[in-house]
Q: 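Sharing a structure with you now.
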Amino acid sequence: MVERKKVFIGAAWPYANGPLHLGHIAGCLLPADIYARYCRLMGYDTLFVSGSDMHGTPIMVTADRLGLTPEEVAEKNHASILKTIEDLGISYDLYTKTHTEHHFQVVQEIFLGLLEKGWIDRKTDVAPYCPVCGKFMPDRYIEGTCPFCKFGEARGDQCDGCGKVLDASELLLPRCRICGSSPEFRETEHFYLLLSKLEPMVREFVDLRKDEWRTNTRNNTENFLREGLRDRAITRDLTWGVPIPLEGFEDKRIYVWFEAVCGYLSASKLHSKIVQRPGLWEDYWKDPECRHYYFLAKDNIPFHTIIWPAILAGYGGLNLPYDIPSNEFLQWDGSQFSKSRGHGITVNDFLEDYPVDPLRFYLSLNMPEKGDSNFDLGEFVQKNNTELLGALGNYLHRVVTFIKNNFGEVPRRGELTPDDVKMLTTAEELYRSALSSMEKVRLKEGITILMSLVNEGNRYFNGQAPWKLIKEDMQRCSTVLNVALSVGKIIMYGMYPYIPHAAARWFAMMGTTGPEDNEWNEALVPFREGMKLGMPSPLFSRLEVDTAKEEQTSNGAVKTVETENKKEEENVEQISFEEFMKLDLRVGTILSVEDHPNADRLYVLKVDIGEEEPRTLVAGLKRFYKKEEMQGKSTIIAANLKPANMRGVVSNGMLLAAESNEVVGLLTVDPDRELPPGSKIH
RNA sequence: AGCGGGGUGGGGUAGCCAGGAUAUCCCGUCGGGCUCAUAACCCGAAGACCAAUAGUUCAAAUCUAUUCCCCGCUACCA
């Protein structure tokens, strides 16, 4: 007997700093699920896992702001993500999380393994330590004078003045950004993953596999390798994360980017435990025939093509990735989903208004496999109504209701005409071709092929016109309907990975069970003649854009931890008149507007505020104003703002502008009054 | 600025890696058919110098070079 093909499928671990939005779904969860369902249908021995990534600084920051513990924040979001996964019908064998004893153990095992083999080394470094705050400071929390250009506000990792990458210890006159006190440089010992030593193995792996990867996966990775790999610190002076399994490191944790990817392995092992087959995970991780697929968005590529393979190769004895189908981003209303800006919509919110399978269907058609794609509500509704319902749903429904009304059971197939044969052959061909697209993880192509089969079905049905045959030639009518129903069966087998809920409902209606594992072939076997049919009811319903809702969502009603928090911030604190008067607001006339030499979104302005020399200001208005539009305008300037270096140009003050929903307008001075530059505002 | 992706009929897209004869599909527009089906389905028509230029080739949307534009990431958005 031929051994079953084995497949491990991992979907990138969502970061538990907020609920999932549609972008996450389109980029990793959904494609991974479709692929997993496809694999099971093909009879592959499949393991499909993921989990929530719970550690790291951003979660700590959120926790601080909300007055919660990091664990509370992460758990809350984990719960929300779990709900989304369930609602979407993502068929994980296990969805777990990184903040578990089990995960700790697995990570620590890998860590120690690498240490033992010499792939991890400890290096003592001096790091800035703030005696007032009582902790080591992350690079971006320290500022000082750049040793190269003497710019006074260089950050610990990079100087904004000259753009040079810095080490915090190089800074002159360093200070803590939180309390302003000057940090001490204390010795701290950290562990480094010696990527420079692992590089040959990574390179070998990449060269072996890259030809089958998507363009963006390949290019991103090669670019990374071209610059050569640098050793990276994999521990941090933090308390939120996976503990280091060695004495003397109680105040340090293994950093997320090392630890989170290990989740694929820890989740696999946990799954074995849960199903009470302790050695099961080895089938997937130690059998070299098992192919590993990782589904992720493009921002995650190097972690899966370089770092994770490096860890695995260094540790030894475990399978490296096979394919890494990375997706571009799904946009909402023309721009990036963003939790912090409240742009986009969460899946949970979306599913309150619309059913799951139309969403899965639309995202499948619109998957950002090649380039960024846009989620458009109007288009979503339209695709649902015309393709999912109009073409697919209607085909199945017209066939089944016709049969139900006239036969009540699967009609007999008599002698086949060339038309019938052609229909059946086409159906089989397209079905096989769709499966082969899915095999190559060309999921968009797969569903498109299936939709063309739906088209063929409708055409056949129209051409044969069973509603006429029923009056003229009962036997012929019966055959046509049998063929049409068989085509429907094939379609729904093919569609099952994409719209599993609808598929299951349809098969239930037929009085059978839905596609089982290893049943892809069953699609080509006609339903048993004489089998009684259940009561047909439409699979999909017509949708409408709820305009009120749309208004709300496109205005950014993403219910995230962030926005909840924002609301609190909007309860603006009252300040005294004296405090207000601290602001030196002046009328300023914009003399000139130039592009910033080193930043895409910035202008450099010369503004006359009544001083001898015009002020130089930097403003991020490029997206909202043309140069000519700003030239000559009298606007309001905050004149006593601390100067700031904006990517190499020092800005002495700030233009005042109002913003609402991405519409930005400068505040200008009443042109009917003579108010010279420098006039004080109060 | 560095990196990645992309520019295809009115809108949204497929095809490009492995170059070939009428450039795909959905919507929209126009005309027709059908009446089994959730006003769904089917047929036909109009509409694209495949971003631009140069090159390779018997042959280019597809390969090469250059340019322009869009999007994202990084940075930054005072």
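Below, chains carry the letters A, B, ... as their sequence lines are ordered, and counting in each starts from 1.
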Q: Applying side chain to side chain donor-acceptor pair (under 3.5 Å), can you list everything that pairs with A:Arg203, at least two apart in sequence or on another chain?
A: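 Result, side chain to side chain donor-acceptor pair (under 3.5 Å) vs A:Arg203: A:Glu199.
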Q: Under 3.5 Å, is there a donor-acceptor pair between the A:Ser537 and A:Arg505 side chains?
A: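 Their side chains do not contain a donor-acceptor pair, so the 3.5 Å distance test is not met.
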Q: Would you please indicate if the ring centroids of A:Tyr362 and A:Phe375 are separated by under 6.0 Å?
A: yes
Q: Specify the separation, in whole Å, of atom CD1 of A:Ile403 and atom P of B:A37.
A: 13 Å
Q: Please tabulate, for side-chain N and O atoms in residues 464-471 of chain A, each donor-acceptor pair with protein atoms closer than 3.5 Å (sequence neighbours left out).
A:
from: A:Gln464; atom 1: OE1; to: A:Arg476; atom 2: NH2; distance (Å): 3.1
from: A:Gln464; atom 1: NE2; to: A:Asp419; atom 2: OD2; distance (Å): 3.2

Q: Which nucleotide wins on minimum distance to the side chain of A:Phe540, given the candidates B:G4, B:U38, B:C17?
A: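 From the listed options, B:U38 comes nearest.
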Q: In whole angstrom, what separates A:Leu296's CG from B:G5's P?
A: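 So the CG-P distance, A:Leu296 to B:G5, works out to 15 Å.
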Q: Tell me, with the steps shown, if A:Thr417 and A:Asp420 meet side-chain hydrogen bond (donor to acceptor under 3.5 Å, both in side chains).
A: CA-CA 5 Å; A:Thr417 65; A:Asp420 303 340; 3.2 Å; yes
Q: Would you jot down, in residue-number order, the residues of residues 467-485 of chain A having a non-hydrogen atom under 4.0 Å from RNA chain B?
A: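 Nucleic-acid contacts, sorted: A:Trp467, A:Lys468.
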Q: Within this structure, what is the CD-to-P distance between A:Gln464 and B:C42, rounded to whole angstrom?
A: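 From A:Gln464 CD to B:C42 P: 15 Å.
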Q: Determine the Euclidean distance between corresponding C1' atoms of B:C73 and B:U38; express it in Å to zero decimal places.
A: 44 Å
Q: Quick one: A:Asn394 CG to B:C36 C1', roughly how many Å, whole number?
A: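 Rounded to whole Å, this separation is 9 Å.
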Q: Does the pair A:Tyr354 and A:Phe380 meet the rule for a ring-ring contact (aromatic ring centres under 6.0 Å, His included), with working shown?
A: CA-CA 10 Å; A:Tyr354 302 101; A:Phe380 161 74; 5.2 Å; yes
Q: Counting the atoms with a prime plus P, OP1 and OP2 as sugar-phosphate, which does A:Tyr395 contact under 4.0 Å by heavy atoms, base, sugar-phosphate, or nothing?
A: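 Nothing, no nucleic acid heavy atom in range.
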Q: Please tell me which of A:Phe402 and A:Glu387 maps to the more 5' nucleotide of RNA chain B, matching each residue to the nucleotide holding its nearest heavy atom.
A: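 Between the two, 5'-proximity favours A:Glu387.
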Q: Take atom C1' in B:A39 and the same atom in B:G47, then report the distance between them in whole Å.
A: 27 Å
Q: Under the side chain to side chain donor-acceptor pair (under 3.5 Å) rule, what pairs show up with a residue in residues 388-400 of chain A, not counting sequence neighbours?
A: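 Residue pairs with at least one partner in residues 388-400 of chain A: A:Arg398-A:Asn458, A:Arg398-A:Asn462.
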Q: Which of residues 451-458 of chain A have a heavy atom under 4.0 Å from RNA chain B?
A: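 Residues of residues 451-458 of chain A under 4.0 Å from RNA chain B: A:Asn455, A:Asn458.
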Q: Write down the distance separating the C1' atoms in B:C70 and B:G12, rounded off to the nearest Å.
A: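 So the two C1' atoms sit 16 Å from each other.
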Q: Determine the interatomic distance between P on B:C25 and the same-named atom on B:G9; round to the nearest Å.
A: 16 Å
Q: With sequence neighbours left out, write down each residue that passes side chain to side chain contact (heavy atoms under 4.5 Å, CB included) with A:Lys404, or none if nothing qualifies.
A: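 If we apply the side chain to side chain contact (heavy atoms under 4.5 Å, CB included) test to A:Lys404, skipping adjacent residues, the hits are A:Leu533, A:Met535, A:Pro536.
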Q: If a pair means Watson-Crick or G-U wobble with both distances below 3.5 Å, what does RNA chain B look like in dot-bracket form, with | marking bases paired to a different strand?
A: ((((((((.[[[..)....(....]]].(((((.......))))).....[[[[[..)....]]]]])))))))....
Q: Sequence neighbours left out, what passes side chain to side chain contact (heavy atoms under 4.5 Å, CB included) with A:Ala508? Give chain and number order.
A: none
Q: Quick one: side chain to side chain contact (heavy atoms under 4.5 Å, CB included) partners of A:Lys298, sequence neighbours excluded?
A: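 Per chain and number, A:Lys298 pairs via side chain to side chain contact (heavy atoms under 4.5 Å, CB included) with A:Asn216, A:Ile301, A:Glu328, A:Phe329, A:Asp372.
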Q: Output one line per pair: protein atom, nucleotide atom from nucleotides 10-14 of chain B, and distance, for all N/O pairs under 3.5 Å.
A:
from: B:G12; atom 1: O2'; to: A:Glu379; atom 2: OE2; distance (Å): 3.0
from: B:A14; atom 1: OP1; to: A:Lys444; atom 2: NZ; distance (Å): 3.3

Q: Look at A:Glu456 together with A:Arg459 and state whether they make a salt bridge at an N to O cut-off of under 4.0 Å.
A: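 Salt bridge flag = yes for A:Arg459 with A:Glu456.
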Q: From the set B:G72, B:C41, B:C3, return the single nucleotide nearest to any side-chain atom of A:Asn220.
A: B:C3
Q: How far, in whole Å, is B:U57 from B:A75 if one measures between their C1' atoms?
A: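 Each nucleotide's C1' atom is 44 Å from the other's.
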Q: What's the CG-C1' distance between A:Leu396 and B:A40, to the nearest Å?
A: 13 Å
Q: Could you tell me how far B:U13 sits from B:A23 if I compare only their C1' atoms? Round to whole Å.
A: 13 Å
Q: Using whole Å, what does the distance between atom C1' of nucleotide B:G33 and atom CZ of A:Phe461 come to?
A: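 Checked: the CZ to C1' distance equals 16 Å.
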Q: Take atom C1' in B:C71 and the same atom in B:C30, then report the distance between them in whole Å.
A: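 The same atom, C1', in both gives a distance of 35 Å.
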Q: Base, sugar-phosphate, or nothing: which does A:Pro538 touch, judged by heavy atoms less than 4.0 Å apart?
A: base
Q: Between A:Phe361 and A:Lys383, is there a cation-pi geometry (under 6.0 Å to ring centre, at most 45° from the normal)?
A: no
Q: Determine the sole option in A:Leu195, A:Thr221, A:Leu225 for which the side-chain contact (heavy atoms from CB on, under 4.5 Å) test with A:Val202 is passed.
A: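 That would be A:Leu225.
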Q: Please check if the side chain of A:Ser437 supplies one atom and the backbone of A:Glu445 the other of a donor-acceptor pair under 3.5 Å.
A: no
Q: Among all residues two or more places apart in sequence or in another chain, which pass the side chain to side chain contact (heavy atoms under 4.5 Å, CB included) test with A:Arg209?
A: A:Phe205, A:Glu212, A:Trp213, A:Tyr322
Q: Figure out the CG/P separation between A:Leu389 and B:C27, and round it to whole Å.
A: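 Taking atom P of B:C27 as the reference, CG of A:Leu389 is at 13 Å.
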Q: Classify A:Thr401 by what it touches in the nucleic acid, base, sugar-phosphate, or nothing, heavy-atom distance under 4.0 Å.
A: sugar-phosphate
Q: Side-chain N or O of A:Arg459 versus OP1/OP2 of B:C43: is the shortest distance under 4.0 Å?
A: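 Yes, A:Arg459 has a side-chain N/O under 4.0 Å of OP1/OP2 on B:C43.
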Q: Let me know the distance between CZ of A:Arg542 and P of B:A37, rounded to the nearest Å.
A: 15 Å
Q: Measure from the side-chain heavy atoms of A:Arg442 and tell me the nearest of B:A18, B:C26, B:U38.
A: B:A18
Q: If you only use heavy atoms from C-beta on, which nucleotide in B:A37, B:G72, B:G33 is closest to the side chain of A:Asn462?
A: B:G33
Q: Using the P atom on both, measure B:C36 against B:U22 and round to a whole Å.
A: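 After rounding to an integer number of Å, I get 42 Å for this pair.
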Q: So which pairs with a foot in residues 534-543 of chain A pass salt bridge (charged side-chain N to carboxylate O under 4.0 Å, His left out), sequence neighbours left out?
A: none
